[in-house]
2 protein chains.
Amino acid sequence: MRTDERIALAMAELLRRQGYAATGINQLARAAGAPTGSIYHHFKGGKREVAAAALRQTGAAYIQLLPLLLDPHPDLATGVEAAFAAAARDMESTGWANMCPVGVVTAEIADVEPELREIAAEVMQVWVEEGSRYLAGRGLSEQEAHTVIHALLAALEGAFVLARGMRSAEPFLAAGRTLAVYVGALEAAEAAAGPAATAGAAGPAGPGPATGTGRPPTAGRA
Amino acid sequence: MRTDERIALAMAELLRRQGYAATGINQLARAAGAPTGSIYHHFKGGKREVAAAALRQTGAAYIQLLPLLLDPHPDLATGVEAAFAAAARDMESTGWANMCPVGVVTAEIADVEPELREIAAEVMQVWVEEGSRYLAGRGLSEQEAHTVIHALLAALEGAFVLARGMRSAEPFLAAGRTLAVYVGALEAAEAAAGPAATAGAAGPAGPGPATGTGRPPTAGRA
DNA sequence: GTCTTTCTAGAGAGACCTTTCTAGTCGTGC
DNA sequence: GCACGACTAGAAAGGTCTCTCTAGAAAGAC
């Protein structure tokens with residue numbers, strides 16, 4: 001493994017656990033098994049640039065998990081619930097420490113480090129784009145895919161935070177369940193409207209003009 | 001306003017914007033308009049103790065918003081969606097900076113500062129307890145109230161993070177919508193089962209044995 | 001008034017941080 | 001063999017951080 005890769009990886013791991021400000025260059029050097037000088041050789045921009053590389057790397061890796069976790073499940077709703085349960089197990093097995101570095105850094109220093117905030121925004125934008133493309137491929141309308149991926153990412157990042165604080169899987173399980181119900185209702189509506197609506201004119205108009213807000217029509221409100 | 005209150009308040013504000021590690025005692029002193037010595041006079045435990053006070057204060061204030069935001073809406077689903085929309089507006093009006101300090105600190109240094117993590121956990125536990133009590137008072141079963149409050153808090157904290165990074169209200173709006181649909185389906189089911197089910201034997205068994213997982217029965221899955 | 005407690009005020013100590021800088025080592029092309 | 005770029009190695013500079021310490025002001029009891 002190349003030294004610069006080792007450095008970025010070690011940074012990602014440290015960001016996960018203690019954030020940006022608390023992570024020092026010397027600590028990073030120890031963690032990566034590299035001297036201080038090497039860090040500045042590979043990353044002229046210093047700590048900030050290492051963090052940027054770590055964020056990009058982690059971001060790309062995270063979004064690849066989406067198809068990996070959802071493809072095995074023929075219906076999306078079950079897949080979503082299973083994915084959140086898997087995330088919960090992963091968190092627990094790492095002692096509730098395995099946060100998403102992108103979320104940590106964004107929460108921590110979005111105002112103080114505008115450059116890193118921009119990189120985090122790019123990463124998140126990719127999540128939204130690739131995620132909604134995947135969901136659209138699974139039969140959701142473009143508009144609904146957009147809504148679901150935003151809600152899913154928000155629920156996931158928030159569940160990380162709550163689970164980490166409370167050391168409990170509950171936030172993941174509850175978030176997974178509510179999202180699964182939402183997605184399940186969407187799928188049921190699509191199925192009821194017939195597969196032509198999906199394969200054919202799956203425009204942003206959705207299932208019908210009466211539900212223009214993008215709500216699943218089966219889950220009516222009082 | 002007392003000096004110690006001013007210090008804790010300034011700390012909360014700094015935690016919101018730049019997290020714990022990046023916030024220095026001198027910066028805190030400047031922000032609070034108090035000399036360094038005063039901080040250590042009022043908070044013998046130093047920076048950590050100030051942060052602890054700030055977290056407790058903010059946590060208590062946050063959960064009071066729940067009834068304030070939801071009471072005006074006769075049905076819970078509309079209220080939830082409106083509350084998320086309000087949070088989005090608030091974030092935007094502060095330049096996407098108005099994070100929840102509890103979430104920031106938890107994400108940032110849960111591993112490095114176990115004492116603060118425990119306080120964050122206490123605060124979150126109170127959120128869950130008071131929140132689910134409120135939701136149960138609004139007609140949800142105890143089990144569903146528990147699920148909804150966890151999902152709601154996760155979605156909220158996550159939406160803070162995503163919105164802050166992307167500078168977009170979308171995460172709030174999407175999270176609000178999915179949760180509103182979930183809660184709306186619950187309310188519809190309760191109404192269909194008759195008000196006796198709420199006032200009477202609203203045990204953990206839920207609306208029926210076939211939906212023992214706590215899912216709203218109207219939002220069926222394919 | 002005087003005593004006592006509480007709080008304000010900021011200088012200073014000692015540790016740690018990021019970054020720079022100088023040497024030295026390894027590997028490759030000729 | 002020799003030169004040269006890429007990289008390793010860590011010491012040192014200069015700054016900032018947390019926390020301690022001493023001195024003085026304000027407020028209340030008597």
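To find a chain, count down the sequence lines: A is the first, B the second, and so on, and within it residues start at 1.
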Inset, instruction - Please determine if R138(A) and E187(A) form a salt bridge, counting it only when a charged side-chain N lies under 4.0 Å from a carboxylate O. - result: no
Inset, instruction - For Q27(A) and dC16(C), give me the distance from atom CD to atom P, rounded to whole Å. - result: 13 Å
Legend entry - Gap separating the CD atom of E113(A) from the CD atom of E108(A), nearest 0.5 angstrom: 9.0 Å
Inset, instruction - Kindly write out the residues that satisfy ring pair (Phe, Tyr, Trp, His ring centres under 6.0 Å) with H42(A), not counting sequence neighbours, or none if the list is empty. - result: none
Inset, instruction - First locate atom CZ of R167(A), then atom CG of L162(A), and finally report the distance between them rounded to the nearest 0.5 Å. - result: 14.5 Å
Inset, instruction - Mind calculating the distance between CZ (F43(B)) and P (dT20(D)) to the nearest angstrom? - result: 16 Å
Legend entry - For the student: nearest non-hydrogen atoms of V161(A) and A107(B), plus distance: CG2-CB, 4.2 Å
Inset, instruction - Would you give a per-nucleotide map of nucleotides 4-13 of chain C, 5' to 3', where B means the base has a protein non-hydrogen atom under 4.0 Å away, S means only the sugar-phosphate does, and - means neither? - result: ---BBBB---
Legend entry - Nearest-Å distance for atom pair CZ/P, residues R48(A) and dT18(C): 12 Å
Inset, instruction - For Y40(A) and dC17(C), give me the distance from atom OH to atom P, rounded to whole Å. - result: 12 Å
Inset, instruction - For I39(B) and dC21(D), give me the distance from atom CD1 to atom C1', rounded to whole Å. - result: 16 Å
Inset, instruction - For Y20(B) and dC17(D), give me the distance from atom OH to atom P, rounded to whole Å. - result: 14 Å
Inset, instruction - Take the protein atom CD1 of I7(A) and the nucleotide atom C1' of dT8(D), then report the distance between them rounded to whole Å. - result: 10 Å
Legend entry - D111(B) and R117(B) ion-paired at < 4.0 Å: no
Inset, instruction - Could you tell me whether I25(B) contacts a base, only the sugar-phosphate backbone, or nothing, with contacts defined as non-hydrogen atoms closer than 4.0 Å? - result: sugar-phosphate
Inset, instruction - Would you mind reading off the distance between K47(B) atom NZ and dT16(D) atom P, rounded to a whole angstrom? - result: 16 Å
